There are 4 protein chains.
Amino acid sequence: MSNDTTVRVPQQARSIEKRNRLVDAAMALFGEKGFQGTNAKEIAGKAGVSVGTFYAYFTDKKALLLEILSRHMADVDAAVFEELRAMVRDGATGREMMRLTIRLGHDSHHHAPELLRIMLAMRYTDEDFTRMVAVENRDMTAKIVGLLSAMGDNLRVTDLDAAARVVANAFEETMHSVAVFGPDIEQDRLYEALADMTAVYLFKDPDAPLK
Amino acid sequence: MSNDTTVRVPQQARSIEKRNRLVDAAMALFGEKGFQGTNAKEIAGKAGVSVGTFYAYFTDKKALLLEILSRHMADVDAAVFEELRAMVRDGATGREMMRLTIRLGHDSHHHAPELLRIMLAMRYTDEDFTRMVAVENRDMTAKIVGLLSAMGDNLRVTDLDAAARVVANAFEETMHSVAVFGPDIEQDRLYEALADMTAVYLFKDPDAPLK
Amino acid sequence: MSNDTTVRVPQQARSIEKRNRLVDAAMALFGEKGFQGTNAKEIAGKAGVSVGTFYAYFTDKKALLLEILSRHMADVDAAVFEELRAMVRDGATGREMMRLTIRLGHDSHHHAPELLRIMLAMRYTDEDFTRMVAVENRDMTAKIVGLLSAMGDNLRVTDLDAAARVVANAFEETMHSVAVFGPDIEQDRLYEALADMTAVYLFKDPDAPLK
Amino acid sequence: MSNDTTVRVPQQARSIEKRNRLVDAAMALFGEKGFQGTNAKEIAGKAGVSVGTFYAYFTDKKALLLEILSRHMADVDAAVFEELRAMVRDGATGREMMRLTIRLGHDSHHHAPELLRIMLAMRYTDEDFTRMVAVENRDMTAKIVGLLSAMGDNLRVTDLDAAARVVANAFEETMHSVAVFGPDIEQDRLYEALADMTAVYLFKDPDAPLK
DNA sequence: AATGAATGAGTATTCATTCAT
DNA sequence: TATGAATGAATACTCATTCAT
């Protein structure tokens, strides 16, 4: 049960605690001062361990960030799709689905906006992050396609893969810009427009109950 | 007539030429090796001037990048809206407009994808870039609103500001991800879906001639 | 019965085996990656014991090297003089003696040239090695003097101590440079010249049987 | 007029002075504390310049050492062979030549014994030094062969290349061990033995005037 | 006896920026 | 105007050694 970002695999309780303290310290410092602005010594210091210990648990500053972000993305992902699937089962309308997606996305992005900022920058800057985000995007598209497939008759679009991608793109850029830069105009108007655009595009009748 | 990025305002022809040589050298090097990966000495060397001269023309490495990117954005912007306005006058359909927008956006983004990459990263990393992009976004939204306003009857959306923003977001994220990461699925399918989504959303009849 | 290089003196068989495993692992790794390039953790790892155990048996990485090299030197020494004494008894000529010495020296140096390299460097770098080599040299000189003394009439030289030293020096530098750097010119010519120089110097008639 | 060890080629007097100060500081510190024991910051400090300046003039600590040692070797070399050639012209005996060689070698090695120590260690440790010494050895052998060739009739040896090598080896090891470790026995006896061995080997009549 | 987690001092090198010439 | 020599703070990572278990 080892992985890429871990050097020493902690077995004992005390070790696990140290590793967690390092992760927490790093999250706090990366959020405050950015990734480049934080160094291993500081992280170790804040976690109450030595630099050596830092390097015993993580090959790298980057390895630590990669772990933080991939965990974060996995958490968000799971939470969002769980709720969406429930809603499909409950017979919500297409527009309601889009609104829920927006609310969930909004919440998850506002959890740690500074980390989001870092991740968004890194994906343009570092190959490993580019790859990680690409994988995540593929997964997300596949899940959206899965959800859409279950909606049969009411679907307006036919090329589900392409539809999933453009809808995801519209969601993401809007969520990100709101979370990171703040909304240009009132959030509600923006989100309502986003729900409208995606619902009208995806569904024949956006206000009819799905399935 | 001084501005933020300039220290010395070149009056003589020889000065202007030096400044341009510095800008060209920087564009080439930033594209090749990234922003962090390029240093002032290299830029000066490639431009055939001394480091001292570099700092005579630009306060900073960042100032130079800021200038490069704002120029680039202004160029793209002008070109895109020029063509779009012409098309509105020529009585194209909504869908055709969206397709043209996509083609223009695609071309402009593929001109210097490495610089785009840098800009996209910097906007999440550096306050000055955040601001520059915010201003640009506001301008772009205003221009889109202007275009839409001219379409009167055929417009489906009512909150033009919000509509302009979400449509711009959908465009941008899609363009960027294609330009920087390459398309996940075939480009044509993706672009067609994007045109469909935005056209169906903005217009009552996406296939009727506007105006 | 303790000595400098040992912390714990192993009494049980299992302990002795561990100690030997550590020595073997170290010899292999020092040869491959040099002394500075090898660390205690690696040695312990290759020997299948923990770092703690390493430090239970050796005060130091250096202590281990010192032991390896002094063992090695002792082995070589014994083998060489054993054979030489046999030859004196068998009535060989002076030149034949020199040739045999060269062959024996050559073989012993080519056994572990990388360790030789390390030792040659350390003797100029580290006081303990300087001392160790000095002691070894004195021993060797004494033994050569012993051999020469037994040759009575045929000896050309009178200051046996000085003669032993310069002959040993000529042998050593030649052996070392061949073993470590490879011969500049053909080995046989070099070795024949060396045998000639030392035989002509030491003996009245280099080709008469000694004794 | 650039070379391997120099980054910035000093043209101005002040630059040249700085470079020299760095070389002097390094020689002093390497001698005192060894090569590994000295760092760039110290050298710069002792020379009264900044670390940055150090790296402007030398790519490396090693580059600096390489320069110091190759200069040193060139100086010694020139001085020794100059005098030897003069002596051949003056009709000295073979034995006198060997004695002079020893005196010259002794003096040059005692000039900076700590640097000698470092060089002797590095040649077993670092490829670049191995190479440098190999080149030097080839040169020296060639020069000795040149000298010997001029002695025609009185020469006892026929394979001049091999003879030059083994004689050089005997000289070197003896010089080095005296310079670095101090003589085991009285220096004069050792040197006399060395002169005797080499003279008797090289010449038919070691005490006849050459040429 | 044995383990291996933890320590933290130590070091080479870069580069944005300045300023004397 | 232009030069380029000089600065020195800043940073990631290693590894010999210890010691609680």
Side-chain angles (χ1 to χ4, degrees), chain A residues 7-12 14-16 18-19 36-45 48-62, chain B residues 7-8 10-12 14-15 18 36-45 48-63, chain C residues 7-8 10-12 14-15 18 36-45 48-63, chain D residues 7-12 14-16 18-19 36-45 48-62:
Chain A
V7 178
R8 178 184 300 159
V9 182
Q11 244 92 26
Q12 280 89 38
R14 238 184 51 204
S15 289
I16 292 171
K18 268 184 190 162
R19 198 173 198 282
Q36 313 260 20
T38 306
N39 66 24
K41 203 181 173 186
E42 282 175 294
I43 299 172
V49 302
S50 69
V51 216
T53 301
F54 176 92
Y55 282 97
Y57 285 110
F58 300 96
T59 42
D60 233 280
K61 228 176 38 163
K62 202 176 96 179
Chain B
V7 177
R8 173 187 309 155
Q11 245 89 23
Q12 278 88 37
R14 239 182 53 206
S15 290
K18 269 184 190 167
Q36 313 259 19
T38 305
N39 66 23
K41 201 182 171 187
E42 280 175 296
I43 298 172
V49 302
S50 70
V51 219
T53 301
F54 176 93
Y55 280 94
Y57 286 110
F58 300 95
T59 43
D60 231 272
K61 226 177 38 163
K62 205 176 91 180
Chain C
V7 178
R8 174 188 306 154
Q11 245 87 26
Q12 277 87 38
R14 239 185 48 205
S15 289
K18 270 185 189 166
Q36 312 261 20
T38 306
N39 65 22
K41 200 182 173 188
E42 280 175 296
I43 299 172
V49 303
S50 69
V51 217
T53 301
F54 175 93
Y55 280 94
Y57 286 109
F58 300 94
T59 44
D60 232 270
K61 226 175 44 161
K62 202 176 93 180
Chain D
V7 178
R8 177 184 302 162
V9 182
Q11 244 91 26
Q12 279 88 38
R14 240 184 51 205
S15 288
I16 292 172
K18 267 182 191 165
R19 197 171 200 281
Q36 313 260 18
T38 306
N39 68 22
K41 203 180 171 184
E42 283 175 294
I43 299 172
V49 302
S50 69
V51 218
T53 300
F54 177 93
Y55 281 97
Y57 286 109
F58 300 96
T59 43
D60 232 278
K61 227 176 38 164
K62 204 176 94 180

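Keep in mind that what you see is a predicted model, and the values were worked out from it rather than measured. Note that these values count all heavy atoms, side chains included, but never hydrogens, waters or copies made by symmetry.
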**Request:** Please state the P separation for the pair dT21(F) and dA1(E) - nearest whole angstrom.
**Result:** 22 Å
**Complete:** Applying side chain to side chain donor-acceptor pair (under 3.5 Å) to Glu42(A) and not counting sequence neighbours gives Lys33(A)
**Asked** In chain order, what residues pass the side chain to side chain donor-acceptor pair (under 3.5 Å) check against Lys62(D), with sequence neighbours excluded?
**Response** Asp126(D), Asp128(D)
**Prompt:** Which comes earlier along DNA chain E counting from the 5' end, the contact point of Gly37(D) or that of Gly37(B), where each point is its nearest nucleotide?
**Reply:** Gly37(D)
**Asked** Measuring from Phe54(D):CZ to Asp60(D):CG, what's the distance to the nearest 0.5 Å?
**Response** 7.5 Å
**Residue-phosphate contact under 4.0 Å: Thr53(A) side-chain N/O, dT7(E) OP1/OP2** = yes
**Message:** Would you compute the distance between atom OH of Tyr55(A) and atom NZ of Lys61(A) and round it to the nearest 0.5 angstrom?
**Reply:** 8.0 Å
**Message:** Rounded to whole Å, how long is the line connecting atom CZ of Phe54(A) with atom C1' of dC15(F)?
**Reply:** 17 Å
**Phosphate OP1/OP2 of dG4(E): any Ser50(C) side-chain N/O under 4.0 Å** = no
**Item:** Phosphate OP1/OP2 of dA5(F) contacted by Tyr57(D) side-chain N/O (<4.0 Å)
**Value:** no
**Request:** If a protein heavy atom is under 4.0 Å from the base, mark B; if only from the sugar-phosphate, S; if neither, -; do that for nucleotides 16-21 of chain F going 5' to 3'.
**Result:** SBB---
**Message:** Dot-bracket for DNA chain E, please. Rules: Watson-Crick or G-U, both distances under 3.5 Å, ( ) within the strand, [ ] when a pair crosses earlier ones, | for another strand, . otherwise.
**Reply:** .||||||||||||||||||||
**Message:** Base, sugar-phosphate or nothing for Lys18(B)? Non-hydrogen atoms, less than 4.0 Å.
**Reply:** sugar-phosphate
**Asked** In whole angstroms, how far is the P atom of dT13(E) from the CZ atom of Phe58(D)?
**Response** 14 Å
**Prompt:** For Lys18(D), which residues count as a side-chain contact (heavy atoms from CB on, under 4.5 Å) partner, sequence neighbours excluded?
**Reply:** Arg14(D), Arg21(D), Val49(D), Thr53(D), Tyr57(D)
**Message:** Measure CD1/Ile43(C) against C1'/dG4(E) and give the value in whole Å, please.
**Reply:** 16 Å
